[in-house]
Amino acid sequence: AGVNPIQVVEYSIVFSVLTLPLTYLPLLMAAGDRRIMGAYVNNGPTKIAGWFFLALVTLAGLFALPLLVVTRGGKL
């Protein structure tokens with residue numbers, strides 16, 4: 001088809017990283033809701049770890065597209 005499969009994989013990974021915070025946040029919110037989770041609700045340290053990883057994933061999402069452009073799709 002004339003398309004480099006490695007580039008297709010690189011672009012799909014970058015765009016999945018962009019959407020990851022949007023899917024992680026609702027799960028994190030639901031895990032902290034006692035009405036939904038009952039006895040399995042996240043406790044203090046787990047909530048802190050969850051918010052830390054949300055921040056980390058959000059930073060990765062913010063830097064993914066600019067890095068893709070700067071490196072010309074990973075060719076540098």
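Under the side-chain hydrogen bond (donor to acceptor under 3.5 Å, both in side chains) criterion, Ser16 pairs with no residue, sequence neighbours left out. For Arg34, the side-chain hydrogen bond (donor to acceptor under 3.5 Å, both in side chains) criterion is met by no residue, not counting sequence neighbours.
Ile13 and Leu20 fall into different hydrophobic clusters, where Ile, Leu, Val, Met, Phe, Trp and Tyr residues are linked whenever their side-chain heavy atoms come under 4.5 Å apart, directly or through other members. In this structure, Val17 is not a member of the same hydrophobic cluster as Phe15, with clusters built from ILVMFWY side-chain heavy atoms closer than 4.5 Å.
Put simply, CG on Asn4 and OH on Tyr11 are 10.0 Å apart, with the number rounded to the nearest 0.5 Å. Distance check: Leu28 CG to Asp33 CG gives 11.5 Å after rounding to the nearest 0.5 Å. Distance CG/Leu25 to CG/Leu22: 8.5 Å, rounded to 0.5 Å. Between the CG atom in Leu18 and the OG1 atom in Thr58 there is a gap of 11.0 Å [rounded to 0.5 Å].
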Which pairs would a plain distance check flag for residues 43-57, meaning a side-chain donor or acceptor within less than 3.5 Å of a matching protein atom at least two apart in sequence or in another chain?
from, atom 1, to, atom 2, distance (Å)
Asn43, OD1, Thr46, N, 3.2
Asn43, OD1, Thr46, OG1, 2.6

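Residue-environment remark: CE (Met29) stays at or below the threshold of 12 foreign heavy atoms within 6.0 Å.
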